[in-house]
Amino acid sequence: MGDSNLEIKDREGLYRLIISQLFYDGYQAIAVNLSNGVKAHPACPPSDKLLHVVRMGLHVMEDQSGLQNIKGDTVAPGTGIDLEFETDAPTISPDVSLYETCYVTAHKGPCRTGAFHQSGKLVATGSDDASIKILDVDRMLAKSALSPEVLAQETTQQIMENHPVIRTLYDHTDEVTSLAFHPTYSVLISGSRDYSVKFFEYSKSSVKKACKSIQEAAEVRTLSVHASGDFLLVGTQHPTLRLYDINTFQCFVASDPSQQHTGVITAVNWSPNANLYVSASKDGDLKVWDGVSNKCINTFRKAHEGHEVCSAVFSRNSKYILTSGKDSVLLLRLVKLWELSTARCLIAYTGAGTTGKQEHRSQAVFNHTEDYVLFPDEKTTSLCCWDSRNADRQRLLSLGHNNVVRSISHSPTGPSFISCSDDFRARFWYRKAALD
């Protein structure tokens with residue numbers, strides 16, 4: 001009898017949490033109907049408690065189940081590429097040329113940037129039309145799995161409930177150039193040519209505008225969030241790199257002005273261990289900075305033969321930096337892997353297929369296991385791919401865009417990536433599990 005009463009009490013508490021969460025998220029009508037149905041008394045106030053309880057429970061379940069129970073092709077982050085101990089490591093990720101388009105979303109202007117959430121469950125795109133979209137990865141995959149006949153029979157309500165675009169944000173007045181998800185809070189950070197950095201709390205369905213913003217002195221080109229979520233790197237049209245305390249918005253710069261770049265900053269990224277960060281510039285240099293002292297500890301002069309360095313990202317173990325640039329048209333050496341311990345270029349990924357001078361910036365990225373290096377070819381709108389360890393060229397993947405691909409971002413947890421193009425579209429790609 002006692003156990004039965006306890007279960008009833010637990011369920012009443014559960015219903016109250018659900019009602020409070022619905023009120024908090026803006027679903028008043030549904031919350032009122034449920035409250036009347038279960039006769040909740042006293043009235044339930046808006047609260048975000050249920051979301052936090054579910055998150056804690058999911059973390060506990062993941063810890064108990066272990067990494068072996070991760071479904072499908074998803075892999076947990078590991079050490080990635082490490083050429084000190086492995087040169088012929090087996091490739092555990094699928095061939096990138098076998099990825100398929102699962103969903104396409106369109107902006108009203110050229111799509112310029114994309115970013116994945118650290119969990120791989122959300123992806124954001126930003127456009128020249130100043131808008132930002134946040135998409136749910138599971139919904140995109142579910143949509144692609146439905147037959148055209150089933151899709152045609154969906155009601156308007158079902159279409160709205162299952163739509164992959166879960167948020168559309170409007171608060172910039174010019175092109176959105178960079179996006180990053182906060183590692184611990186439901187906040188998306190964006191940079192724009194309108195001289196601002198904005199913070200969007202996307203957990204609330206009604207949100208369209210930013211909850212906080214930073215006004216910069218120049219157009220924002222790139223940004224990166226510290227692993228703790230407490231600091232933000234911002235690169236602008238001005239050569240001085242900014243470091244912000246996210247909690248106070250206090251700005252820091254290197255104490256020695258001579259350590260700064262002399263041209264527009266094109267890329268900034270924290271290392272996964274958060275001890276270092278890297279910056280790239282139109283001046284052709286690549287700089288590595290100490291994350292604590294905020295001092296430049298190494299500069300790779302003319303990293304891409306003096307041409308503009310377009311992107312720079314750390315490997316998962318923070319031992320290497322992958323860069324791309326507008327260099328060596330004849331040798332087609334647009335992508336390089338740098339080893340920090342020896343301060344040298346370890347591998348040059350050649351033969352990307354690009355002919356003539358590259359006109360637009362584009363990023364070189366690792367896939368989720370760091371088995372492959374990916375780089376979009378400007379002229380053919382195909383995706384070039386190399387074995388990250390030996391630089392062997394893999395098969396090309398036609399990206400299906402009708403204009404230049406300006407940004408590519410690979411999921412950190414699974415076989416998927418987003419490609420953003422000047423044809424106004426962003427394509428979500430995924431390697432579906434092979435059927436035996």
Side-chain angles (χ1 to χ4, degrees), residues 21 24-26 48 50-52 54-56 58-59 62 70-77 99 101-107 111-127 131-145 160-172 176 178-191 198-211 223-227 229 232 246 269 272 313 363 365 367-368 407-420 425-431:
Q21 187 71 51
Y24 185 87
D25 291 341
D48 204 22
L50 179 60
L51 178 62
H52 295 293
V54 171
R55 279 179 177 166
M56 291 172 62
L58 290 174
H59 285 311
E62 288 174 2
I70 296 176
K71 296 192 296 182
D73 291 312
T74 302
V75 298
Y99 282 38
T101 298
C102 288
Y103 190 77
V104 180
T105 188
H107 287 268
C111 189
R112 292 290 166 80
T113 184
F116 272 88
H117 188 274
Q118 291 81 354
S119 67
K121 294 180 179 179
L122 296 174
V123 63
T125 60
S127 170
S131 70
I132 299 169
K133 291 186 179 185
I134 301 178
L135 301 98
D136 186 293
V137 169
D138 288 338
R139 290 189 186 185
M140 287 191 283
L141 294 176
K143 205 83 168 174
S144 69
M160 291 178 62
E161 291 176 352
N162 301 324
H163 201 287
V165 179
I166 61 172
R167 301 287 182 274
T168 304
L169 310 171
Y170 304 96
D171 206 15
H172 285 291
V176 178
S178 187
L179 295 166
F181 284 93
H182 194 280
T184 54
Y185 298 111
S186 297
V187 172
L188 178 68
I189 307 172
S190 61
K198 294 187 181 287
F199 297 73
F200 296 89
E201 190 178 347
Y202 59 83
S203 60
K204 300 177 182 178
S205 59
S206 59
V207 167
K208 299 287 184 186
K209 303 294 184 181
C211 59
L223 51 81
S224 179
V225 189
H226 189 272
L232 178 71
I246 288 181
N269 267 300
V313 293
Q363 299 84 31
V365 298
N367 74 327
H368 61 299
S407 174
I408 182 172
S409 179
H410 200 285
S411 167
T413 60
S416 60
F417 68 88
I418 192 91
S419 58
C420 304
R425 291 171 175 80
R427 288 177 173 265
F428 174 75
W429 298 79
Y430 184 76
R431 172 61 176 120

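Index from 1, following the sequence.
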OG1 (Thr125) and NZ (Lys133) are apart, to the nearest 0.5 Å, by 6.5 Å

Decide side chain to side chain contact (heavy atoms under 4.5 Å, CB included) for Val104 and Arg427; before the verdict, give the C-alpha distance in whole Å, the side-chain angles of both, and the deciding distance to 0.1 Å.
CA-CA 5 Å; Val104 180; Arg427 288 177 173 265; 3.8 Å; yes

Spacing of OG belonging to Ser411 relative to CZ belonging to Phe116, to within rounding of 0.5 Å:
5.0 Å

Residues forming a side chain to side chain contact (heavy atoms under 4.5 Å, CB included) with Ser190, sequence neighbours excluded
Ile132, His172, Val176, Leu179, Lys198, Phe200

Whether the side chain of Glu201 engages the backbone of Val207 through a donor-acceptor N/O pair (distance < 3.5 Å, no angle test) should be reported.
no

Straight-line distance of Cys211 SG to Leu188 CG, nearest 0.5 Å:
10.5 Å

With sequence neighbours excluded, tell me which residues meet ring-ring contact (aromatic ring centres under 6.0 Å, His included) with Phe417.
Tyr99, Trp429

Would you please classify the geometry between the Phe181 ring and the His117 ring as parallel, tilted or perpendicular, with 30° and 60° separating the classes?
perpendicular

Got a second to check how far Thr168's OG1 is from Lys208's NZ, nearest 0.5 Å?
5.0 Å

Would you name the heavy atoms of Gly114 and Ser407 that are closest together and state the gap between them?
N-OG, 3.5 Å

With a 3.5 Å distance limit and no angle check, can you tell me whether His182 reaches the backbone of Gly229 through a side-chain donor-acceptor pair?
yes

Please round to the nearest 0.5 Å and tell me the distance separating atom CG of Leu135 and atom CD1 of Ile166.
7.5 Å

Applying side chain to side chain contact (heavy atoms under 4.5 Å, CB included), run through Tyr185 and Ile246 and close with a yes or a no.
CA-CA 12 Å; Tyr185 298 111; Ile246 288 181; over 6 Å; no

Test log, rule side chain to side chain contact (heavy atoms under 4.5 Å, CB included), inputs Lys143 and Cys102
CA-CA 8 Å; Lys143 205 83 168 174; Cys102 288; over 6 Å; no

Indicate the ring-plane relationship of Phe428 and Tyr430, choosing parallel, tilted or perpendicular according to the 30° and 60° boundaries.
parallel

Ignoring hydrogens and angles, tell me if any N or O in the side chain of Ser178 forms a donor-acceptor pair with the backbone of Leu223 under 3.5 Å.
yes

Side chains of Val123 and Ser409, heavy atoms from C-beta outward: is any pair under 4.5 Å?
no

Could you tell me whether the side chain of Lys209 and the main chain of Tyr170 form a donor-acceptor pair under 3.5 Å?
yes

Closest non-hydrogen contact found for Asn269 with Ser224 is CA-OG, 3.5 Å

Note, Arg167 side chain near Ser205 side chain (heavy atom, < 4.5 Å)
yes

His107 (side chain) donor-acceptor with Arg425 (main chain) under 3.5 angstrom
no

For the backbone of Ser119 and the side chain of Thr413, can you confirm whether one donor and one acceptor N or O come within less than 3.5 Å of each other?
yes

Please report the shortest heavy-atom distance between Pro164 and Met140, naming the atom on each side.
CB-CG, 3.5 Å

